[in-house]
Amino acid sequence: MTESMTGGMTSDDDTDMAALPTVYMVGEEDADGWRVGGAEPVRLAVALGVAGLLPQMAAVLATVLGLDWLNAPAMALVYGALILSFLGGSWWGIALTRAEGRWRSILLLLGIGASLIGFCVQGLAGASPMRALLVVLGAAILSSWLVDRVLVREGMIGRWWGRLRLVLSIGLGGLTILTGVLAG
């Protein structure tokens, strides 16, 4: 008899329970010889990540051009909060598949924290100056790279991903702040 993940006891010869997958570190080969996480960039991830800057670029452009009917600052706030929450979700995934002990707890807390920051700036949109909300949100996006930097250092994500996240954090965080400054 062994203890199951839910705390109950199961028979060692239970064949109806699927075996838990083995978790491999970035760069390790799995049982089939595939490199997990890859040391090389995933081209589609890079392309989609860079394309993810386009909505914030459009918000900056709409603000500069005075296209008030687009409500670019509100669009920038929604998009930035959405991406920050997405980052929190990715940290959860990494925590549950690549982290152990203290790092797992830290990543789970940071993941929910990112989502809560996004939620709070959205909730304050009617009661606070848009400029301040966009600057706070942009700063949170900029600082999100610090989490990814630790993930690279600890071997939980590949170096290429860390470099991509640096570029995207600076890009999206900077564009979010710029939209706030321009919107005044």
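- For residues 121-131, no pair satisfies salt bridge (charged side-chain N to carboxylate O under 4.0 Å, His left out), with sequence neighbours left out.
- Environment of CZ in Arg104: crowded, with over 12 heavy atoms of neighbouring residues, nucleotides or ligands closer than 6.0 Å.
- Qualifying side-chain contact (heavy atoms from CB on, under 4.5 Å) partners for Leu65, counting only residues two or more places apart in sequence or in other chains: Leu61, Leu67.
- Between atom CG of residue Leu124 and atom CZ of residue Phe119 there is a gap of 9.5 Å, rounded to the nearest 0.5 Å.
- For residues 76-85, no pair satisfies salt bridge (charged side-chain N to carboxylate O under 4.0 Å, His left out), with sequence neighbours left out.
- A salt bridge (charged side-chain N to carboxylate O under 4.0 Å, His left out) check over residues 70-79, counting only residues at least two apart or in different chains, returns nothing.
- Distance check: Arg149 CZ to Trp145 CH2 gives 5.0 Å after rounding to the nearest 0.5 Å.
- By the criterion of side-chain heavy atoms lying less than 4.5 angstrom apart, applied directly or through intervening Ile, Leu, Val, Met, Phe, Trp or Tyr residues, Leu110 is not grouped with Leu166; the two fall into different hydrophobic clusters.
- Taken to the nearest 0.5 Å, the OG atom of Ser169 stands 6.5 Å off from the CG atom of Leu87.
- Here the CD atom belonging to Glu154 is positioned 9.5 Å from the CG atom belonging to Leu107, to the nearest 0.5 angstrom.
- Nearest heavy-atom pair across Ala45 and Leu164 is O-CD2, 4.0 Å.
- Residue Gly118 comes nearest to Leu84 through the heavy atom pair N-CD2, 4.2 Å, listed as atom of the first residue, atom of the second, then distance.
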Practice task
Take Ile94 and Ile157 through the side chain to side chain contact (heavy atoms under 4.5 Å, CB included) test and state the conclusion after the steps.
Solution key: CA-CA 8 Å; Ile94 293 166; Ile157 61 173; 3.5 Å; yes
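- Note on Leu77: it does not cluster hydrophobically with Met75, by side-chain heavy-atom contacts below 4.5 Å among ILVMFWY residues.
- Arg98 approaches Met156 most closely through the heavy-atom pair CD-O, 3.1 Å.
- In the hydrophobic clustering of this structure, Leu168 groups with Val150; members are Ile, Leu, Val, Met, Phe, Trp, Tyr whose side-chain heavy atoms approach within less than 4.5 Å, directly or through other members.
- Among pairs with a residue in residues 65-92, those fulfilling side-chain hydrogen bond (donor to acceptor under 3.5 Å, both in side chains) read Ser85-Ser115, Trp91-Asp148, at least two apart in sequence or across chains.
- Once rounded to the nearest 0.5 Å, the distance linking CG of Leu109 with CD1 of Ile106 reads 8.0 Å.
- Between Pro73 and Thr63, the shortest heavy-atom distance links the atoms CD-OG1, 4.3 Å.
- When all heavy atoms are compared, the tightest approach of Ala139 to Ile177 is N-CD1, 3.9 Å.
- Hydrophobic clustering of Ile, Leu, Val, Met, Phe, Trp and Tyr side chains at less than 4.5 Å, counting indirect connections, keeps Met130 apart from Val78.
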Using residues 53-60 as the side-chain source, report each donor-acceptor pair under 3.5 Å to any protein atom, sequence neighbours left out, with the distance given to one decimal.
unit_1: Gln56; atom_1: NE2; unit_2: Ala76; atom_2: O; d: 3.0
unit_1: Gln56; atom_1: NE2; unit_2: Thr176; atom_2: OG1; d: 2.9

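- Residue Leu146 is grouped with residue Val135 when hydrophobic side chains (ILVMFWY) are merged at heavy-atom distances under 4.5 angstrom, including chains of intermediate members.
- Taking all atoms of both residues into account, the shortest heavy-atom contact from Leu172 to Gly52 is CD1-O, 4.4 Å.
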